[in-house]
Participant: 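Okay, handing you the structure first.
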Amino acid sequence: MPSTIRQSLEDVYGFLFCSNLLDDIARAGVFHKVAAGQIIIDVGDGVKGIPMLISGAIKVMRVDPEGDELLVYFLEKGDSCAMTLSCFSGEMRSSIRAVAEQDTIMVNVPMTEVSTWMSKYPAWANFVLESFGVRLNEMLDAVDALAFLNLHDRVQRHLIEKVKLHGSTELSTTHAEIASDLHTSRVVISRVLKQLEKEGVVDLRRNRIEVLEF
DNA sequence: ACATTAAGTGATT
DNA sequence: AATCACTTAATGT
């Protein structure tokens, strides 16, 4: 078991980190297997470390006081989450909700190690800073989409994102779920999807959307 | 066959 | 683009 964990770390992060650091991660990191749909962290939860994805995908979203959600970005294999990095000093609570988009394997690195390795391993410092930057940019993309794109284009973007993420043009999702991701109502998603179907962009069936054009 | 859940649609704001 | 108030279609028991 530990050897397979060490091996998957090697597979995903080996090109970035030396074997000493990989050993440290394997030793100090806490491994989690999360089933699709499961909430990994919720608004208000204490943040105990930074997650590093081994496989699968995680949906990161904002939640309004009524409990309605808005997708911010996805995390994939090799990604880390920047929001948790802002919890460096002191006890800070999560400002986002993270849900497993697929079955996911990840390792959680405790905050204490995150900071000691910053000075010990340049590659680690680089990784942390860079992933912070990438998250920030993805967040700006999400803001842009919200501010500048009409719903039609937002839906299309979202579908393409999902296709890339799942590595398949067959998406098993519902109109209601997309509506929740984009923070709108199911009825308008159904209408937008009907429109996209007329344009030949998608093929619609119950619980299934096939993206034909992207 | 019946109940439940997903999706389609016209009308209204 | 949102909401209401249905209708229709697909699926599970």
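The figures here come from the full heavy-atom set of this structure, side chains too, leaving out hydrogens, waters and symmetry mates.
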Participant: What is the distance from CG of A:L151 to P of C:dT3, rounded to the nearest Å?
Facilitator: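 Checked: the CG to P distance equals 12 Å.
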Participant: Output all residues satisfying side-chain hydrogen bond (donor to acceptor under 3.5 Å, both in side chains) with A:D42, sequence neighbours left out; order by chain, then residue number.
Facilitator: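 Listed in chain order: A:R97.
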Participant: Count the heavy atoms of every other residue, nucleotide or ligand shown that sit under 6.0 Å from CD of A:E177, and state whether that count exceeds 12.
Facilitator: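 More than 12 heavy atoms, drawn from other residues, nucleotides or ligands, come within 6.0 Å of this atom.
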Participant: Going 5' to 3' along DNA chain B, which nucleotides are the first and last within contact of chain A (any atom under 4.0 Å from a heavy atom)?
Facilitator: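 Boundary nucleotides touching chain A, in 5' to 3' order, are B:dT5 to B:dA11.
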Participant: Under the salt bridge (Lys or Arg N to Asp or Glu O under 4.0 Å) definition, can you give me all pairs with a residue in residues 110-122 of chain A, not counting sequence neighbours?
Facilitator: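 The answer is A:D24-A:K120.
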Participant: Taking only residues two or more places apart in sequence, or in another chain, which ones meet A:K33 in a side-chain hydrogen bond (donor to acceptor under 3.5 Å, both in side chains)?
Facilitator: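 With sequence neighbours excluded, A:K33 shows a side-chain hydrogen bond (donor to acceptor under 3.5 Å, both in side chains) to no residue whatsoever.
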Participant: Can you tell me how the ring of A:F17 sits relative to the ring of A:W124, calling it parallel under 30°, perpendicular over 60° and tilted otherwise?
Facilitator: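 A:F17 and A:W124: tilted rings.
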Participant: Could you encode protein contacts along nucleotides 6-13 of chain C as a string, one character per nucleotide from 5' to 3', using B for base contact, S for sugar-phosphate-only contact and - for no contact, with a heavy-atom cut-off of under 4.0 Å?
Facilitator: ---BBS--
Participant: A:V211: which other cluster members, linking ILVMFWY side chains closer than 4.5 Å, directly or transitively?
Facilitator: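 Via sub-4.5 Å side-chain contacts, A:V211 links to A:L151, A:V155, A:L159, A:I160, A:V163, A:L171, A:I178, A:L182, A:V188, A:I189, A:V192, A:L193, A:L196, A:V201, A:V202, A:L204, A:I209, A:F214.
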Participant: Please identify each residue that fulfils side-chain hydrogen bond (donor to acceptor under 3.5 Å, both in side chains) with A:H152, with sequence neighbours left out.
Facilitator: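 For A:H152 the side-chain hydrogen bond (donor to acceptor under 3.5 Å, both in side chains) partners, ignoring immediate neighbours, are A:E199.
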Participant: Which ones in residues 187-203 of chain A lie close to DNA chain C, meaning a heavy atom under 4.0 Å from one of its atoms?
Facilitator: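 Heavy-atom contacts with DNA chain C come from A:V187, A:V188, A:R191.
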Participant: Exactly one of A:R205, A:K162, A:R208 should register a salt bridge (Lys or Arg N to Asp or Glu O under 4.0 Å) with A:E170. Which one does?
Facilitator: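 Among the candidates, only A:R208 passes.
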Participant: Transitive ILVMFWY cluster of A:V43 at side-chain heavy atoms under 4.5 Å: who else is in it?
Facilitator: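 Answer for A:V43: A:V63.
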Participant: Sub-3.5 Å donor-acceptor pair from the side chain of A:D103 to the main-chain atoms of A:A35, do we have one?
Facilitator: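 No; zero donor-acceptor contacts below 3.5 Å.
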Participant: May I ask you to list the residues of residues 176-185 of chain A, by number, that have any heavy atom positioned under 4.0 Å from an atom of DNA chain C?
Facilitator: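 When residues 176-185 of chain A is checked for heavy atoms under 4.0 Å from DNA chain C, the hits, listed by number, are A:T184, A:S185.
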Participant: Tell me, please, which residues at least two apart from A:R157 pass side-chain hydrogen bond (donor to acceptor under 3.5 Å, both in side chains).
Facilitator: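 With neighbours one apart ignored, the set is empty.
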Participant: May I have all residue pairs that pass side chain to side chain donor-acceptor pair (under 3.5 Å) and include part of residues 55-67 of chain A, sequence neighbours excluded?
Facilitator: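 Qualifying pairs, neighbours excluded: A:K59-A:D181.
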